[in-house]
Amino acid sequence: KLYNMNDAEERRDYLDSLSYSFVLYDAFLQTGNKALDTILTEKNLYCKNQHISFKCVVDGSRLSFMDTTDIYTIFNSAIDNAITYAPQLEDFEKRLLSVRVSATGNLLSISIENFYEPSASPVIYGYGLKSILYAINKYDGSLHVSTSDNLFTVNIIIPMEVSNAAPH
């Protein structure tokens, strides 16, 4: 098709659309959980656009016991906080967001980290933190937020075998 195009602008438009297709393909994440795939792919595309490095080591299949709404609540709230904060960092190498999901025994571990600088605007969770707490409390989970070594870390631990967990 490209060889048959005589107009330079038409060729450029075609190449731009191909380039965008590659960006979309590169941004798509497959974790084993469709809801989480949607969230992480959307956030990955946004991060690419904002020059934020987005790293994921995620076993989404471990979230199968959770309600889709709770997955959206937990990950959207925690990741949005990091994404909002990252552009404040002058050092582009520190514009990094890390998401990890794994399980050991019957405990699900979710960890979301980003760099922060004490001199920048404070990291504020507010309503997002309350939403995360509401979601994880359904599963008897726990939340720990820490700031050390210029890392802002959200750690969530949820037992995977809970009789009162929300249905999915």
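Keep in mind the model is a prediction, meaning the values are calculated, not measured.
No donor-acceptor pair closer than 3.5 Å links the side chain of Arg95 to the backbone N or O of Ser53. Looking at Asn49, its side chain never comes within 3.5 Å of a backbone N or O of Leu45 through a donor-acceptor pair.
Counting heavy atoms from C-beta outward, Asp59 and Ser102 have side chains that stay 4.5 Å or more apart. Contact check for Thr73 versus Tyr134: no side-chain heavy atoms found under the 4.5 Å cut-off. Two residues are said to be in side-chain contact when any heavy atoms from C-beta on lie closer than 4.5 Å; Val58 and Leu36 meet this criterion. For the pair Ile52/Pro87, a side-chain contact is recorded, criterion being any heavy-atom separation below 4.5 Å from C-beta on. Lys43 has its side chain within reach of Asp80: a pair of non-hydrogen atoms, C-beta onward, lies under 4.5 Å apart. Annotation: side chain of Asn33 is not in contact with side chain of Met66 (no heavy-atom distance under 4.5 Å).
To the nearest 0.5 Å, atoms OG1 (Thr153) and CD1 (Ile112) are separated by 10.5 Å. With rounding to the nearest 0.5 angstrom, the CG atom of Asn44 is 11.5 Å from the CG atom of Asp37. Separation of atoms CD (Glu117) and CD (Gln88) is listed at 9.5 Å; rounding is to 0.5 Å. For the atom pair CG (Leu107) and CD1 (Ile156), the distance works out to 13.5 Å, reported to the nearest 0.5 Å. One finds the CD1 atom of Ile136 at 4.5 Å from the CG atom of Leu143 (value rounded to the nearest 0.5 Å). To the nearest 0.5 angstrom, Leu63 atom CG is 10.5 Å from Asp70 atom CG.
Other residues, nucleotides and ligands contribute more than 12 heavy atoms inside 6.0 Å of the CG atom of Asp91.
Nearest heavy atom pair, residue Met160 against residue Arg62, reads SD-O, 3.8 Å. Here the closest non-hydrogen pair linking Ser77 and Ser131 is OG-CB, 4.2 Å. Ile132 approaches Ala78 most closely through the heavy-atom pair CD1-N, 3.8 Å.
Between Phe152 and Tyr116, the ring planes lie perpendicular to each other; the angle is over 60°, past the 30° to 60° tilted range.
Tracing side-chain contacts under 4.5 Å through hydrophobic residues (I, L, V, M, F, W, Y), one never reaches Tyr46 starting from Phe92; they form parts of separate clusters. Taking hydrophobic clusters as Ile, Leu, Val, Met, Phe, Trp and Tyr residues chained together by side-chain heavy-atom distances below 4.5 Å, Leu40 does not share a cluster with Val57. Transitive grouping of hydrophobic side chains (ILVMFWY, heavy atoms separated by less than 4.5 Å) keeps Phe65 and Ile157 in distinct clusters. Tyr72 and Leu97 fall within the same hydrophobic cluster, defined by Ile, Leu, Val, Met, Phe, Trp and Tyr side-chain heavy atoms under 4.5 Å apart, directly or through other members.
In this model, a donor atom of one side chain and an acceptor atom of the other lie less than 3.5 Å apart for Thr69 and Asp67.
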### Task
Check the pair Val99 / Phe75 against side chain to side chain contact (heavy atoms under 4.5 Å, CB included), numbers first and verdict last.
CA-CA 9 Å; Val99 178; Phe75 287 91; 4.1 Å; yes
